[in-house]
Participant: 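Right, I'll just put the structure down here and ask away after.
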Amino acid sequence: MKRTKRRDNIILFPFREEVASEFHVPAPSRRIIKRRRSRQGDLEAGERKKAGGTGLGVLGLIMSLLAFFMMPVALGISGFIVGYIAAMRGSGIGRWAMGLAVVAVVLPLFLRVLY
């Protein structure tokens, strides 16, 4: 009988056998593949949706900040609407724009009483 050679704790077998059945992983069913594809599509759509909301969120934030200095009602309401659209698209900046717009519109109403 032949002796097996040892190299770094790896035994090289003198015979050849097919071991594919032991290492074979069964392929996923079509239902699982469809679910994976739909999840990937949902994630990609969410990323696209979020990317579209970021630009609008920044625009709404700028409008809301400008509402503190000039035309609070016009820029505040516009900033709120643009911020709402951005928030619906998944942007957190849109929520900030909405909050600042509300403050920019309500604050002058309270301050006018003091003048």
Side-chain angles (χ1 to χ4, degrees):
M1 188 168 184
K2 286 186 174 181
R3 287 184 73 180
T4 58
K5 296 179 183 178
R6 290 191 114 184
R7 292 184 194 162
D8 298 327
N9 293 332
I10 298 175
I11 301 173
L12 301 175
F13 294 101
F15 47 87
R16 296 177 185 219
E17 282 188 17
E18 186 174 334
V19 292
S21 62
E22 286 85 10
F23 295 113
H24 173 68
V25 177
S29 67
R30 291 184 184 191
R31 247 184 306 157
I32 294 173
I33 292 173
K34 286 181 183 177
R35 268 191 250 147
R36 285 182 188 163
R37 286 183 184 162
S38 66
R39 282 186 206 150
Q40 288 173 348
D42 292 343
L43 291 175
E44 290 173 2
E47 290 296 324
R48 275 186 259 127
K49 190 176 181 182
K50 194 169 187 177
T54 304
L56 285 174
V58 170
L59 177 66
L61 189 65
I62 291 170
M63 293 171 86
S64 299
L65 289 173
L66 284 176
F68 280 104
F69 303 107
M70 58 185 181
M71 299 186 301
V73 176
L75 285 174
I77 292 173
S78 301
F80 185 85
I81 292 170
V82 174
Y84 179 76
I85 294 170
M88 288 297 112
R89 291 190 178 183
S91 175
I93 300 173
R95 294 182 184 163
W96 276 97
M98 289 170 48
L100 287 175
V102 168
V103 171
V105 170
V106 173
L107 189 65
L109 295 176
F110 288 120
L111 292 178
R112 286 185 193 204
V113 176
L114 299 175
Y115 291 110

Participant: Check for me, please, whether Leu111 and Met70 land in the same ILVMFWY cluster - side-chain distances under 4.5 Å, paths through other members count.
Facilitator: yes
Participant: What are the two closest heavy atoms between Ala104 and Pro72, and how far apart are they?
Facilitator: O-CB, 3.5 Å
Participant: Pick from Ile62, Ile77, Leu61, Leu59: which one makes a side chain to side chain contact (heavy atoms under 4.5 Å, CB included) with Val82?
Facilitator: Leu59
Participant: Please report the shortest heavy-atom distance between Ala87 and Arg95, naming the atom on each side.
Facilitator: CB-CG, 4.0 Å
Participant: Taking atom OH of Tyr84 as the centre, report whether more than 12 heavy atoms of other residues, nucleotides or ligands fall under 6.0 Å from it.
Facilitator: no
Participant: Ignoring hydrogens, what is the shortest heavy-atom contact between Ala97 and Gly60? Give both atom names and the distance.
Facilitator: CB-C, 3.4 Å
Participant: Answer yes if Phe110 and Val105 sit in the same cluster of Ile, Leu, Val, Met, Phe, Trp and Tyr residues linked by side chain heavy atoms under 4.5 Å apart, and no otherwise.
Facilitator: no
Participant: So Phe69 and Leu75, do their side chains get closer than 4.5 Å, heavy atoms only?
Facilitator: no
Participant: So, taking the atom named CG in Leu107 and the one named CZ in Arg112, what distance separates them when rounded to the nearest 0.5 Å?
Facilitator: 11.0 Å
Participant: Check Gly57 against Ser91 and note the closest heavy-atom contact, atom names and distance.
Facilitator: CA-OG, 4.5 Å
Participant: Please report the shortest heavy-atom distance between Ser78 and Met63, naming the atom on each side.
Facilitator: CB-CE, 3.1 Å
